[in-house]
Amino acid sequence: MDPLPQLDERYYLRNFELLCDTVQKQYEDLLAEAEVLFLQRFRQLSETARCLYVRLVSRVGPLFRPEKLNYPELGKLDSALSELASKGLLCRNVAPDLTEIFRLCRKDELVEIFTARLKNASRCRKGELLEQLQAQELSPGDCEALWGRWYPQELVEPRCREVVELLLLLFYGNRHQSLTDFVLSDLGVARFHDYVLDRGFRLFEQRTQIEEYLELGELRAGFSDAVDGDDREQVQALMESLGERDCSPALQQRWDRLRNRVARQLERYQDWESAQHLYRCSNQHPARERRVRILQNQGQLEAALDLCREMQEQAWCEEELEFLQRQIPLLQKKLGLDHQAPARLSYPQERLQLPRGEAGVELDAAAHYLGSWQQVHFVENSLINTLFGLALWEEMFLPVAGAFVNPFQSAPLDMHTQEFYHRRQAAIDARLERLASTEMAGQILASYDRHLGLSNYWVNWRDIDRDLVSTALKSIPGKHLLAIWRRILFDPRANRSGFPDLLALDPGRGYCMIEVKGPGDQLQHNQKRWLRFFQSEQIPCLVAWVDWRDA
DNA sequence: CGAGCTGGGG
DNA sequence: TTCACACGATCTT
DNA sequence: GATCGTGTGTCTCCCCAGCTCGTT
Ligand SMILES: [Mn+2]
Ligand SMILES: [Mn+2]
């Protein structure tokens, strides 16, 4: 590997300032007063103070012990801390609660602080000590007193974290990327296709859309807390706010996914009414499937069947359709109606007796099939998806309006929506046509060479090397690949998974995709759908049912 | 004392 | 946050 | 036996220091 390049000493400050400038240019009219004020104050700080602030908000916190901060490039931190405090960007002398004390201190320090209240301290784990103290229900005052006696200095806390969060959201257009994306890019760890950034496009056109995104994030975090704390009332409260809330089209999917998760939790609490209500508000699979199952479990079979019929009019996705094909005959049978058993899926299969190996069953099976094939690769989804990404690379990064909003994207924003194919239909059709009519392997390998190492949501550079791409293309007919890619395009989100474990190859002669099933494992729904498709396209595949042979 | 985990860092 | 799997409970046998 | 629900591992780059925790 190439050595990583050196970064400028204060790279993190440059990155943050670039981010601030970009957001301000693009979104100035949507910023609230507090956010504008933050940017003003931040810019007035000395460079050292700005650096320290960026360091602190990039870390977990929320509180810090100043003597533990170690930033040699910033020199003594006292004046920077004072400056931050005087500009309102830092709180000093913050009182920590019990959990925060545990985060800030090592175990031996905790024993010093709480020595009188702890038993068997040396034998207990840190978590057990925390439980001991929590059981004693120290008042905040007690806690503060003990802390003050032990720690003579002031804890500090950077302020306006939520403003920084908002700036990140506006810059990236999501909540999972952060300043580290700059670093990874500068270091060359993550490199990106040279796509056209659509700075004229704004993901948010009104303040309310920003608020909605933030609210979604808060409710999601609230749900996570509620589940962790097994807090049934909080889940109930979430149900109320989620049911009523009306959503912008852009966020509808995410809201519905959260509704589904909350409703699922209500099911676990056996609160069928609330769950039904929330599922009814959701237009995202598996909301309707869950409603059918709830009705069925409550014995309301007619209602369940009615809902199934309604769903059949317009199924939301293949998975839902298959659910209906299984469930409708079942309900009819229970109701004593005429019914027709669903057509059973048939596919090539065989049983294998193998000695138990130490690695996964897939590798044992792969070794076995090396007896009849020249190569066997354990690739699951990675190979087909990589070929898909290589085939449609240029189309993936076409400058479609609103597709690229930050410099660190490995796919367009509409990748998972129905629109992805439609917006690029002419280009994609032309590309597939070209791949079909002229030598496909050369074009795909050229894409491999041209784009090697660039981040692409579909392409797995680590596991799929050039030889494998080349051999696979020699062995799999282009017609098969085109059929598979068309099916991926039909629903890129659902159809990017479920491929068989193994690809067996005789280079230039033939291939077979083999799904390995160990004892007790069954075919997943997405695996069954691909198997059915392989059958209809006469694509060679096999399911190998393994059990262990005693050695 | 050392294996293993976490958070911070480039 | 995804994907595949293991395992146990239950219902469809 | 099939199906369903739940929990788990692995993973988002790689290295290092500091820390935890269980073993000697
Ligand atoms: Mn697998
Ligand atoms: Mn398998």
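Side chains are part of it too, since the values below use all heavy atoms of this structure and drop only hydrogens, waters and symmetry mates. Since we're looking at a predicted model, the values are computed, not measured.
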- request: Looking only at side-chain atoms of K333(A), point me to the closest of dC5(C), dG10(B), dT13(C).
  value: dT13(C)
- request: Taking atom types as modelled, find out whether S346(A) and Q535(A) have a side-chain donor-acceptor pair closer than 3.5 angstrom.
  value: no
- prompt: Relative to the 5' end of DNA chain D, which residue comes earlier, R462(A) or F323(A), by the nucleotide with the nearest heavy atom?
  reply: F323(A)
- prompt: Within the structure, does a side-chain N or O atom of K107(A) lie under 4.0 Å from either OP1 or OP2 of dT20(D)?
  reply: no
task: Would you check if there is a donor-acceptor pair between the side chains of R175(A) and Y213(A) at a distance under 3.5 Å?
output: no
- prompt: Looking at the side chain of V189(A), which of dA4(C), dT1(C), dC13(D) is the nearest nucleotide?
  reply: dC13(D)
field: For L266(A), the option from L238(A), I294(A), L278(A) that meets side chain to side chain contact (heavy atoms under 4.5 Å, CB included)
entry: L278(A)
- prompt: Less than 6.0 Å separating the ring centroids of W147(A) and F114(A)?
  reply: no
- prompt: Between E380(A) and D501(A), is there a donor-acceptor pair closer than 3.5 Å when you use the side chain of the first and the backbone of the second?
  reply: no
field: Side-chain N,O (R496(A)) to OP1/OP2 (dT2(C)) below 4.0 Å
entry: no
message: How many whole angstroms separate atom CZ of R125(A) from atom P of dC5(B)?
response: 14 Å
field: For atom OH of Y71(A) and atom C1' of dG10(B), their distance in whole Å
entry: 13 Å
field: Closest nucleotide among dC5(C), dT3(D), dT12(C) to the K528(A) side chain
entry: dT3(D)
Can you tabulate the close N/O pairs, meaning under 3.5 Å, that link protein atoms to atoms of nucleotides 5-9 of chain D?
| residue | atom | partner | partner atom | Å |
| --- | --- | --- | --- | --- |
| dG5(D) | OP1 | R290(A) | NH1 | 2.8 |
| dG5(D) | OP1 | R290(A) | NH2 | 2.8 |
| dG5(D) | OP2 | R290(A) | NH1 | 3.3 |
| dT6(D) | OP1 | R268(A) | NE | 3.1 |
| dT6(D) | OP2 | R264(A) | NH2 | 3.1 |
| dT6(D) | OP2 | R268(A) | NE | 3.4 |
| dT6(D) | OP2 | R268(A) | NH2 | 3.2 |

message: What is the separation between atom CG on L383(A) and atom P on dC3(C), rounded to the nearest whole Å?
response: 17 Å
query: Does OP1 or OP2 of dC13(D) have a side-chain N or O of T180(A) closer than 4.0 Å?
result: no
- prompt: So, D225(A) and Q234(A): side-chain donor and acceptor under 3.5 Å apart, yes or no?
  reply: no
query: What's the closest nucleotide to the L184(A) side chain, out of dG10(B), dT2(C), dC5(C)?
result: dG10(B)
task: Rounded to the nearest angstrom, tell me the gap between atom CD in Q327(A) and atom P in dT3(D).
output: 10 Å
Exercise: do D230(A) and Y269(A) side chains pair donor with acceptor under 3.5 Å: yes
- request: In whole angstrom, give the distance that lies between atom CG of N120(A) and atom P of dC21(D).
  value: 15 Å
task: State whether K517(A) places a side-chain N or O below 4.0 Å from either non-bridging phosphate oxygen (OP1 or OP2) of dC5(C).
output: yes
message: Using a 3.5 Å distance criterion without hydrogens, assess whether the side chain of D491(A) forms a donor-acceptor pair with backbone atoms of A494(A).
response: yes
- prompt: For the pair made of OH in Y12(A) and P in dG8(B), what is the distance, rounded to whole Å?
  reply: 15 Å
message: side chain to side chain contact (heavy atoms under 4.5 Å, CB included), that's the test. Do L19(A) and F182(A) meet it? Break it down for me.
response: CA-CA 10 Å; L19(A) 185 145; F182(A) 279 96; 4.1 Å; yes
- request: Tell me the stems DNA chain D sits in, counting at least three consecutive Watson-Crick or G-U wobble pairs, each under 3.5 Å on both distances.
  value: B:1-10 with D:13-22, C:3-11 with D:1-9
